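Encoded as structure tokens, the structure appears first; notes follow it.
Quick caveat, the model's predicted, so the values are computed rather than measured. As the structure lists them, so they are numbered: ligands from 1, and atoms in each ligand from 1.
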Amino acid sequence: MNEKIVGIGLKSLEHEFGKEIVENAIKSVEKFKVEIPSWVFGEFGGGRFGDYMPPGFARNVFEKLDDAAFINKLTDAVSSIATHVLWEFSDDGETVSLKKTETVLAAANKNNLKLGSVSPTYFLKGSHKGSLSANNNEIRRKFVDQTIMAAEIAEKFASNLITLWLPDGSNYPGQIELSDAIDNTRKSLREISSQISKDVKCLIEYKVFEPGTYSTVLSDWGSAYLMAKEFGSNAGVLIDLGHHHHGTNIEQIIARLINDGISAGIHINTRYAADDDHSAEPNSEMARIFYELVKGNTFEGENKWEIMIDQCSVRENRMHAILHTIDTLQSCLAKAMLVDSERLRELQKDDEVILANRFFNNALLNADVRPIVAAARLNKNLPVNPFEEFIKSGYQQKIEEERK
Ligand code: PSV
Ligand code: MN
């Protein structure tokens, strides 16, 4: 899209949606920042296709940071990098090292990047009998201690935020006592909360299944919320788009959490069959999600949500995958900004069921917002097409050569 086409596109959008609305949409896209996960650049943990990895994938945390810095250079949209303690801050993959953490922070700063959410890594070696929900006290202790360490890292080196996802559950009825697993989790979270700084915020993630196929200890937003309450006032719920049954109305969950003033965050990705952690594609669900986030003023201020990407899928070029998601999120934000909520309210008041739906979809589904996204990039002297720029840059060839 060249500057002339951007101009024509903007004129047409202004004509349809109004100049002020379009200008505000451009400003929002300019300001938009999102946390990206370190793991999007690295190895896929699923062990499929004979451990196939896309060429040039990052082999360690330092290469992940190099890649993240290049993405930020192309987009200026990266707020921070999400980390997992056993992926980023460990030498042996089993214990957390503060010394390693210091070197990672130094490398991040050198790349003009901030460390964001810190996750304890409950799903690697030793959690097949549960992590925070385990009946065995030694196992529970190990993961409680790892979480306390994650909180220390979050406070000293990152953004004061820990994000917890438990792989705890079961595959067969009778395998575990469902109620005991809940009790143990509650006990673990109370222990953690009593031993970490009150400044550290904690978001608890839920997932309807996987790895548990029969039961999952934290399976929905309600169970995550109840546990967050146990944890204390500085805790909340983390929604991951891939962690729901098909057809779940995620916008409704977002609206509810905002309405109840519950601290929250979102892990963005696209799910097809199940929790696939794919790049986010522009679609009307994503635009509706952004509409709720915009309406709830969740991008800054006291209602601020933690907006994060959580993706890593085996087949795609790592850099393309994250550029694709960022592009999608910018366009879904632009679409959400095009909804004239006053006009929508009038239609709702008049009980114009279908007209309201058509009006809503005209922005969220039908509008071509590429000129808005392009204008935001041009205003910041960024490449209008980050993909083209990436391909021209030779970065891919460079990393494929260096990381053979
Ligand atoms: C689990 O499926 C999850 O969504 C959690 O957020 C983890 O931290 C992340 O994926 C990486 O495995
Ligand atoms: Mn997630």
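Using a 4.0 Å cut-off between a side-chain N of Lys or Arg and a carboxylate O of Asp or Glu, D67 and R403 qualify as a salt bridge. Under a 4.0 Å N-O distance rule, the pair E388/K392 does not qualify as a salt bridge. Remark: D275 engages K207 in a salt bridge, criterion side-chain N to carboxylate O under 4.0 Å.
Among F123, W165, W39, the residue whose heavy atom lies nearest to atom 12 (O) of ligand 1 is F123. Among E205, K207, M308, the residue whose heavy atom sits closest to atom 2 (O) of ligand 1 is K207.
The aromatic rings of H84 and F123 sit perpendicular, their planes meeting at an angle over 60°, well past the 30° parallel limit. Classified by interplanar angle (parallel below 30°, tilted 30° to 60°, perpendicular above 60°), the ring pair Y395/F390 is tilted. Ring-plane geometry between Y206 and H244 is classed as perpendicular, the angle between the planes exceeding 60 degrees on a 0 to 90 degree scale with a lower cut at 30.
Contacts between L238 and ligand 1 below 4.0 angstrom, taking non-hydrogen atoms only, are absent altogether.
For a distance bound of 2.8 Å, the N, O or S atoms of D277 include none lying that close to the Mn ion (ligand 2).
Distances from the Mn ion (ligand 2) to each N, O or S atom of E205 single out OE2 as the nearest. Of all N, O or S atoms in D310, the one lying closest to the Mn ion (ligand 2) is OD2.
When only non-hydrogen protein atoms are considered, atom 10 (O) of ligand 1 lies nearest to D310 OD2, 3.1 Å. Considering only non-hydrogen protein atoms, atom 8 (O) of ligand 1 sits nearest to H84 NE2, 2.8 Å.
The 12-atom threshold is not exceeded at OH of Y172, counting heavy atoms of other residues, nucleotides or ligands nearer than 6.0 Å.
Residue-ligand proximity, H267 to ligand 1, at heavy-atom distances under 4.0 Å covers atoms 6 (O). Close contacts between ligand 1 and D275 involve ligand atoms 2 (O) [criterion: under 4.0 Å to a heavy atom].
Rounded to 10°, the angle formed at the Mn ion (ligand 2) by OD2 of D240 and ND1 of H267 is 110°.
A donor-acceptor contact closer than 3.5 angstrom is absent between the side chains of S159 and S80. There is a side-chain donor-acceptor pair under 3.5 Å between N269 and D240.
Residue D277 has no N or O atom closer than 3.5 Å to an N or O atom of ligand 1. The distance criterion of under 3.5 Å between nitrogen or oxygen atoms is met by D240 with respect to ligand 1.
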